[in-house]
Number of protein chains: 2
Amino acid sequence: MSDKRKIAEAVITRLSIYNRALGEIGKEGLEIISSDELGNRIGYSAAQIRKDLSCFGEFGEVGKGYFVQDLRDVISHILGVDRKWNVALAGAGHLGSALLAYPGFKQWGFNIVAVFDNDLAKIGKKWESIVIQDISELAKTVKEQDIRIGAIAVPPQVSQEIVDMFTSCGIRAILNFATASITVPEGVKLRNVDLATELECLSYFLTNEAEVRSEVLGKIKNSSGEGG
Amino acid sequence: MSDKRKIAEAVITRLSIYNRALGEIGKEGLEIISSDELGNRIGYSAAQIRKDLSCFGEFGEVGKGYFVQDLRDVISHILGVDRKWNVALAGAGHLGSALLAYPGFKQWGFNIVAVFDNDLAKIGKKWESIVIQDISELAKTVKEQDIRIGAIAVPPQVSQEIVDMFTSCGIRAILNFATASITVPEGVKLRNVDLATELECLSYFLTNEAEVRSEVLGKIKNSSGEGG
DNA sequence: CAAATATTGTGAAAATTATCACAGCATCCA
DNA sequence: TGGATGCTGTGATAATTTTCACAATATTTG
Ligand SMILES: NC(=O)c1ccc[n+]([C@@H]2O[C@H](COP(=O)([O-])OP(=O)(O)OC[C@H]3O[C@@H](n4cnc5c(N)ncnc54)[C@H](O)[C@@H]3O)[C@@H](O)[C@H]2O)c1
Ligand SMILES: NC(=O)c1ccc[n+]([C@@H]2O[C@H](COP(=O)([O-])OP(=O)(O)OC[C@H]3O[C@@H](n4cnc5c(N)ncnc54)[C@H](O)[C@@H]3O)[C@@H](O)[C@H]2O)c1
């Protein structure tokens, strides 16, 4: 059942999680895995996994399970990560530098090919082969370098400005680390990495649920936010 | 209608977002705001906001709206952020250092009071008043310093180990930055900050939806991941 | 070979979540 | 004063998401 209905964002998020798990499983040398076993590892139900996959096609072998490598290739293709993406980073401060130094992005196929700041002390400095550019060059560079994804690591007060710069030069996908309420035009996908919200959810849990829940401690549960 | 039913995690996440928006609105000097206007700013429907709040009580004034400061206080209390929380950080590498240097946490009431690593070159070094400790001291320090939240910024391969250390010394709330499939016991809340997943969702969007969506560009939409 | 076992893919049912729509109250305005 | 307006809180309704449960088919075992 792989017709082109609107797929829920939650499905995509889980696909990404399945994909990572499949990578780990592959490294262990396992060639085939059932939805049940995969689910146990990552804390989702077998039915959920099968339903999610069924949005895109039939990839399993009845009575057997899924070929780990094949399923991985399929999911990678669905996610569009069987290619490289060029990423621009705005803000070369503490967080921006950590992101730049992080080899994970490149490994996953997301290349930070340009970095922008407005601090004269930083502009012109190099990180590996990338020279930090003046923020005013953003639009030009985005076009020249075929950049499709923008990452935002500037202070909250200016984050909306940067979003606007990105969207007006054609960027359709933005990863925002600034803790601010920002807005994008329709047709642009924004994902927020919002530490304040993460911590506040933990705080809520500790305040309102932790005691009650801990009574039933013992069983293992999932790894994706619903640990209780 | 504020009885003690199980509240959906999504509600808590939004509460946190409302709270931040209320902070910004307060700074602008506005004293009262309607659910409708608040919703417009952050991309949620007025009904959604009212429903979410109604899980906890009645905080608005009919015909008027919500007192910005009062609602903020109420939400802060619900989230349990009208107090301080002690946080332990495992891993003082690139990301760990950025987190340590980030003043936001303290401002929000989350104090990183202890940092752990297993690299002898790092152990003993100071960041402001915090000395990086050997990871083996984790349990002792967590108890001594009344630490309730653990943050994980170690390499993926060892992240599950650290989770186990945290949970076995009583930590019930964990914020994980390592890109790995990890698991926690029931009664422990885990939130993952998973950049791989974030980027892969963007990649999916660019690959499968961006062109179609961009036809209807123009209208402003919400700021929380559903920008399309 | 037949019976037992494993596992998928998927309709149907259940559960959860979001939206609608409006009664009811407060405020404003003439 | 009284009618128009603005906005909340919520029951009802709609939509979405997850879980269930099983037919269909492959594999293993004796
Ligand atoms: N550091 C963290 O661990 C962390 C954690 C959570 C959230 N954040 C968020 O990430 C963002 C960056 O945090 P940080 O700690 O790196 O801050 P930072 O101050 O170290 O870096 C911000 C950088 O943005 C640059 N900048 C400022 N205005 C700019 C503009 N108009 N155009 C281009 N560049 C500009 C600054 O020169 C600086 O280099 C902030 O919004 C912060 O809330 C950071
Ligand atoms: N840096 C980033 O921007 C970034 C982005 C996304 C995800 N991450 C994830 O965050 C984690 C940390 O990334 P990083 O870039 O800071 O890596 P890093 O290598 O710079 O830092 C890891 C730190 O953990 C320490 N460590 C290793 N094993 C340990 C153990 N058993 N006990 C205690 N400490 C130990 C190391 O000594 C090092 O200081 C990784 O899991 C990575 O996947 C990082």
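A, B, ... follow the sequence lines: proteins, then strands. Residue 1 opens every chain.
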Expressed as a whole number of angstroms, how long is the span from A:Ile32:CD1 to D:dA26:P?
14 Å
Under 6.0 Å between ring centres, would you say that holds for A:Tyr102 and A:Trp108?
yes
Can you tell whether the side chains of B:Asp52 and B:Arg50 come within less than 4.0 Å, N to carboxylate O?
no
Which nucleotide, D:dT8, C:dT17, C:dT7, lies nearest any side-chain atom of A:Ser34?
C:dT7
N/O (side chain, B:Ser54) to phosphate O (OP1/OP2, D:dG9) under 4.0 Å
no
Would you mind checking if B:Lys64 and B:Glu31 are paired as a salt bridge, meaning a charged N to carboxylate O distance below 4.0 Å?
no
For D:dG6 and B:Tyr66 - does any side-chain N or O of the residue sit under 4.0 Å from the phosphate oxygens OP1/OP2?
no
Whole-Å distance, A:Phe56 CZ to C:dT10 P, equals 14 Å
Please report, rounded to the nearest Å, how far the P atom of C:dT7 is from the CD atom of A:Glu58.
18 Å
Rounded to whole angstrom units, what separation is found between the CD1 atom of A:Ile33 and the P atom of C:dA6?
16 Å
Let me know the distance between CG of B:Leu53 and P of C:dT19, rounded to the nearest Å.
15 Å
OP1 or OP2 of C:dT19 sitting under 4.0 Å from any side-chain N/O of B:Gln48?
yes
Without decimals, in angstroms, what is the distance between A:Leu38 CG and C:dA6 C1'?
16 Å
Rounded to the Å, how far apart are A:Phe67 CZ and D:dT27 P?
9 Å
If each of B:Lys51 and B:Ala46 is mapped to the nucleotide of DNA chain D with the nearest heavy atom, which maps nearer the 5' terminus, i.e. the 5' end?
B:Ala46
Just the rounded figure in Å: distance from C1' of C:dC20 to CG of B:Asp36.
14 Å
With a 4.0 Å cut-off, would you call A:Glu28 and A:Arg41 a salt bridge?
yes
Strictly under 4.0 angstrom, non-hydrogen atoms only: write out the protein contact profile of nucleotides 21-30 of chain C, one letter per nucleotide from the 5' end, B, S or -.
B--BBS----
Is the shortest distance from a Lys or Arg side-chain nitrogen in B:Asp70 or B:Arg72 to a carboxylate oxygen in the other one below 4.0 Å?
no
Less than 4.0 angstrom from a charged side-chain N to a carboxylate O is my criterion; do A:Glu9 and A:Arg14 meet it?
no
If you round to the nearest 0.5 Å, how far is CG of A:Asn176 from CG of A:Asp194?
8.0 Å
